[in-house]
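Because only heavy atoms are used, hydrogens play no part in the values below, and waters and symmetry mates are left out as well, while side chains stay in. Computed from a predicted model, the values in this text were never measured in an experiment. Proteins get letters first, then strands, A, B, ... in listed order; numbering begins at 1 in each.
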Amino acid sequence: MLSLKYIRENIDLVKKSIAAKNVDFDLAKLLEYDKKRRDIIQEVESLKANRNIINKKISSSNNVKDNIDIMRSISKDIKKLDIELNTILSKINNDLLYVPNIVDSSVPIGVDESSNVIVREWGKKPEFDFDIKGHLELSEKHRLLDFKSASKISGSAFPLYTQIGAKYERSLINFMLDTHIAEHAYSEVLTPFIVSSSAPRTTGNLPKFKDDMYYIELDDMYCIPTAEVPVTNIHSKSILNEDELPKKYVAYSPCFRREAGSYGKDTKGLLRVHQFNKVELVQFVHPDKSYDVLEDLLLNAETILQKLNLHYRVVSLASGDLSFSAAKCYDIEVWSPFENKYLEVSSCSNFESFQARRGDIKFRSNKTNKVDFVHTLNGSGLATPRLMVALLEAYQKENSDIEIPGVLRPYLNVNKIKSK
RNA sequence: GGAGAGGUGUCCGAGCGGUUUAAGGUGCACGCCUGGAACGCGUGUAUGGAUGAAAAUCCAUCGGGAGUUCGAAUCUCCCCCUCUCCGCCA
């Protein structure tokens with residue numbers, strides 16, 4: 001969320017960002033509401049000031065009767081104006097939730113992903129001198145996944161990991177958590193996976209993207225689409241000390257996504273699923289530092305792929321591909337040899353004060369003793385399904401055995417997944 | 001699910017219709033005192049909003065919302081949250 005004041009004082013920038021993100025929003029109407037709001041406030045506040053003065057006269061007695069008559073009429077006027085003000089305020093507050101975050105000046109401008117900019121590539125595409133198999137065929141052969149049983153349980157696109165597949169998944173999660181905790185100094189949290197509506201409102205998932213989440217009507221709660229949602233809200237409605245910044249959290253969670261509107265796309269196996277596991281990095285930082293931290297956080301996520309020795313590239317998202325809440329975002333895409341394309345395994349975003357405003361997350365400056373909103377950032381570090389695709393495919397041998405990367409061997413206690 | 005207790009400023013805690021512009025304490029900051037410190041004394045100490053170049057002035061805020069009243073932290077209703085006990089349950 002942007003503040004009304006900020007919007008009023010940066011109309012051009014806000015207008016530009018709305019256009020750059022391809023968002024439909026009537027800014028002129030909002031500014032008109034704001035003008036009306038300020039007019040009413042001035043009127044009603046002078047009445048209230050008057051009310052306070054007369055109230056004091058009544059309590060210090062003499063002329064009580066006359067003053068009560070005056071108070072009656074003032075109170076009537078105040079009540080009328082307050083209703084008018086509340087009406088306009090609720091319109092404004094609702095509209096504000098639909099204003100997208102501003103776009104950082106370093107973000108490439110473009111309507112969609114075709115304008116994304118490749119920032120760097122790491123490693124190189126593995127080469128094979130035999131016909132390679134895809135992750136589905138490999139996991140079927142080694143009984144790592146059982147989509148058939150899963151569909152009986154939950155329908156399509158819910159993975160059921162079995163035997164060494166399940167252990168592999170668990171190992172990946174632990175490996176990633178351990179790496180971020182030990183090498184990047186994140187502190188681990190394990191959060192609720194079902195949240196009330198205020199949490200996704202903070203992060204920007206609500207109100208605009210309600211249909212992307214699983215909703216539990218009976219309790220008016222949501223299954224989290226990412227650990228970003230609960231973790232970002234750890235510090236909602238509070239003022240942190242500047243000394244406490246940066247706050248760095250790493251959280252494993254399952255992620256639940258309805259993926260409405262994406263049917264028919266990436267339907268094979270693990271490429272797009274309704275439930276997946278992810279290790280998420282979240283930081284609360286001083287506003288001056290957030291763009292440096294974004295680069296750090298990106299490197300933290302990249303470390304995982306480097307340790308797994310998987311080829312990947314980093315992409316800076318164009319304005320039109322940028323999410324509603326983000327000011328800037330990098331995607332990390334891992335190479336899938338069989339799909340013959342890059343698969344998104346991480347998004348690392350700087351939200352600046354956008355989420356902090358929605359969640360009321362502030363810090364008190366040491367120097368000025370004033371409070372200001374923190375900046376929030378997060379990034380997947382990483383999501384497992386497409387990572388698993390890349391791992392199975394890149395590490396397959398001609399006899400279909402799958403080698404286990406060195407860093408995962410202590411977790412899995414085997415060097416290879418062998419045909420039985 | 002049932003019964004009860006409670007939600008007040010950084011924190012603790014009083015107030016239960018108009019001397020509350022929220023007592024008192026605590027924490028914090030600054031000043032005085034001191035060789036330096038503690039003690040003591042003094043001053044200040046929130047958030048949001050409106051006007052304003054600024055200084056400042058004003059308005060709102062005692063979990064949230066609605067109501068009663070000339071006037072609500074205080075009375076009424078609805079909701080949320082925390083705690084205790086009971087029931088159910090992994």
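Each of A:Ser3 and A:Ser46 was assigned the nucleotide of RNA chain B with the nearest heavy atom; the assignment lying further toward the 5' end belongs to A:Ser3. Nearer the 5' end of RNA chain B, as judged by each residue's closest nucleotide, is the contact made by A:Glu45, out of A:Glu45 and A:Asn50.
Taking atom P in both B:C59 and B:U8, the straight-line distance is 26 Å, to the nearest Å. When the C1' atom is compared between B:G24 and B:C33, the two are found 26 Å apart, to the nearest whole Å. B:C75 and B:C16 have their P atoms separated by 10 Å, with the value rounded to a whole Å. The P atoms of B:G71 and B:A23 are separated by 25 Å, rounded to the nearest whole Å. B:G42 and B:U61 are spaced 30 Å apart, taking the C1' atom of each and rounding to whole Å. With P as the reference atom, B:A73 and B:C62 are 6 Å apart, rounded to whole Å. Taking atom P on both B:G2 and B:U10, the two are 36 Å apart, rounded to the nearest angstrom. A distance of about 15 Å separates the C1' atoms of B:G15 and B:G25, rounded to the whole Å.
By the 4.0 Å N-to-carboxylate-O rule, A:Asp360 lies close enough to A:Lys362 to be salt-bridged with it. Electrostatic pairing of A:Asp82 and A:Lys79 does not count as a salt bridge here, judged by no charged N lying under 4.0 Å from a carboxylate O. Salt bridge status for A:Lys35 with A:Asp39: present, with a side-chain N to carboxylate O gap under 4.0 Å.
Under 3.5 Å, the side chains of A:Tyr411 and A:Asp178 contain a donor-acceptor pair of N or O atoms. Residues A:Asp212 and A:Asn205 have side chains that never bring a donor and an acceptor to within less than 3.5 angstrom of each other.
A stem is defined here as three or more consecutive Watson-Crick or G-U pairs, each with both distances under 3.5 Å; for RNA chain B these stems are B:1-7 with B:80-86, B:27-32 with B:40-45, B:46-51 with B:56-61, B:63-67 with B:75-79.
The ring of A:Phe363 has its center closer than 6.0 angstrom to the ring center of A:His286. The aromatic ring centres of A:His375 and A:Phe351 sit 6.0 Å or more apart. In this structure, A:Tyr98 has its ring center at least 6.0 angstrom away from the ring center of A:Phe25.
If you take CZ of A:Arg37 and P of B:U51, they are 8 Å apart, rounded to a whole angstrom. Atom CG in A:Asp220 sits about 15 Å away from atom P in B:C79, given to the nearest Å. To the nearest angstrom, C1' of B:G49 lies 12 Å from CD1 of A:Ile92. Taking atom CG of A:Leu4 as the reference point, atom P of B:U51 lies 11 Å away to the nearest angstrom. The distance between atom CZ of A:Phe373 and atom P of B:G48, rounded to the nearest whole Å, is 7 Å. A:Ile41 places its CD1 atom 15 Å from the P atom of B:G48, with the value rounded to the nearest Å. Rounded to whole angstrom, the span from the CG atom of A:Leu89 across to the P atom of B:A60 amounts to 15 Å. In this structure, A:Tyr33 places its OH atom 20 Å from C1' of B:G49, rounding to the nearest Å.
Using a 4.0 Å heavy-atom criterion, one finds that A:Arg8 contacts the sugar-phosphate atoms exclusively. Among the protein residues, A:Val44 comes within range of no part of the nucleic acid, since none of its heavy atoms lies under 4.0 Å from any strand.
Relative ring orientation between A:Phe209 and A:Phe324 is described as perpendicular, the plane-to-plane angle rising above 60° on a 0-90° scale split at 30° and 60°. Relative orientation of the A:Tyr214 and A:Phe158 rings is tilted, given thresholds of 30° and 60° on the angle between their planes. Ring-plane geometry between A:His180 and A:Tyr186 is classed as perpendicular, the angle between the planes exceeding 60 degrees on a 0 to 90 degree scale with a lower cut at 30.
Listed nucleotides B:U51, B:A46, B:A66 differ in distance to A:Arg38; the shortest reach to its side chain belongs to B:U51. Comparing B:A66, B:U47, B:A60 by their closest approach to the side chain of A:Lys48 singles out B:A60.
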Considering only nitrogen or oxygen atoms on both sides, find all protein atoms under 3.5 Å from nucleotides 67-71 of chain B and state each distance.
from	atom 1	to	atom 2	distance (Å)
B:C70	OP1	A:Arg72	NH2	3.0
B:C70	O3'	A:Ser75	OG	3.4
B:G71	OP1	A:Ser75	OG	3.4

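Under 4.0 angstrom from either OP1 or OP2 of B:C58 there lies no side-chain N or O belonging to A:Asn52. Contact check, A:Arg364 against B:A46: no side-chain N or O comes under 4.0 Å of OP1 or OP2.
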